[in-house]
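What's counted below: heavy atoms across the whole structure, side chains too, no hydrogens, waters or symmetry copies. Quick note: residue numbers are just sequence positions, from 1.
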Amino acid sequence: MELDWVDKSQKSGRQAIPVALAVLVGFCGIGLPLTDAMYVPAFIAAIVFAVATPLTLLVAAPRGLFKKNRAFRWLSIVCAFFAACVFVTSGFLMSYGSPAGATADIGGFGMWLLSTIALVTITSCAVRVWRVEYAQVPTTLRSIQRQERRERRAKHS
């Protein structure tokens with residue numbers, strides 16, 4: 001039974017795609033065995049996933065969300081910034097790094113790790129804003145009461 005008031009993006013897995021790509025960035029740099037043969041391909045894959053994360057966030061989101069919600073707009077911009085940071089630090093690690101950890105002495109891997117953690121966090125926050133913006137209309141008494149409590153708390157804050 002298809003309900004008209006339920007946004008189709010709530011039921012599909014579109015919201016999970018940007019977060020999954022951001023997690024794959026971290027997996028490529030940490031989870032893949034960083035041997036001589038896999039070092040450069042792992043960070044190339046991290047670059048591809050990092051660039052794809054903000055793009056899928058914008059493409060998969062409903063059409064009016066970017067213009068309608070200021071928080072989503074800023075989180076998308078910050079997501080693109082941290083994707084660029086991951087891009088630059090991955091290039092730095094491919095140029096000057098080695099599987100033995102030569103860049104750990106100068107902080108390259110630490111910067112990459114912090115940029116990746118920030119990318120995952122910001123993408124998760126953007127998806128959370130997306131879910132709240134397009135949340136289902138409350139239909140039960142319990143969900144209506146929860147919504148009223150949230151609105152009261154937001155009003156007093």
Original post:
Under the side-chain contact (heavy atoms from CB on, under 4.5 Å) test, which residues partner Ala20, sequence neighbours left out?
Top reply: none
Original post:
Can you name the ring-ring contact (aromatic ring centres under 6.0 Å, His included) partners of Phe82, sequence neighbours left out?
Top reply: none
Subject >> For the student: nearest non-hydrogen atoms of Thr123 and Ala22, plus distance >> reply: OG1-CB, 4.2 Å
**OP:** Quick one: which residue pairs count as a salt bridge (Lys or Arg N to Asp or Glu O under 4.0 Å) with a foot in residues 133-150, not counting sequence neighbours?
**Re:** Lys68-Glu133
**OP:** For residues Thr56 and Arg14, determine if any side-chain heavy atom of one lies less than 4.5 Å from a side-chain heavy atom of the other.
**Re:** no
**OP:** Return yes if some donor-acceptor pair links the side-chain N/O of Thr89 with the main-chain N/O of Val86 below 3.5 Å, else return no.
**Re:** yes
Identify all side-chain donor-acceptor contacts of residues 108-119 below 3.5 Å with residues at least two apart in sequence or on another chain.
from   : atom 1 : to     : atom 2 : distance (Å)
Trp112 : NE1    : Ser90  : OG     : 3.1
Ser115 : OG     : Met111 : O      : 2.8
Thr116 : OG1    : Trp112 : O      : 2.8

Original post:
Sequence neighbours excluded, which residues qualify as side-chain contact (heavy atoms from CB on, under 4.5 Å) partners of Val88?
Top reply: none
Original post:
With distance as the sole criterion, is a donor-acceptor pair present between the side chains of Ser124 and Thr121 under 3.5 Å?
Top reply: no
Subject >> Closest non-hydrogen atom pair, Phe43 against Met94 >> reply: CB-CG, 3.6 Å
Original post:
Does Val129 share a hydrophobic cluster with Val59, counting links as ILVMFWY side-chain heavy atoms below 4.5 Å and allowing steps through other members?
Top reply: no
Original post:
In this structure, which one of Ile122, Val127, Ile17 forms a side-chain contact (heavy atoms from CB on, under 4.5 Å) with Leu57?
Top reply: Val127
Show me the side-chain donor-acceptor pairs of residues 71-80 shorter than 3.5 Å, one per line, residues at least two apart or across chains.
from  : atom 1 : to    : atom 2 : distance (Å)
Arg73 : NH1    : Phe66 : O      : 3.1
Arg73 : NH1    : Lys67 : O      : 3.3
Ser76 : OG     : Phe72 : O      : 2.8

Original post:
Which pair of non-hydrogen atoms, one from Val51 and one from Phe87, has the smallest distance, and what is that distance?
Top reply: CG2-CD1, 4.0 Å
Original post:
Would a 4.5 Å heavy-atom cut-off, applied to side chains only, mark Asn69 and Trp130 as touching?
Top reply: no
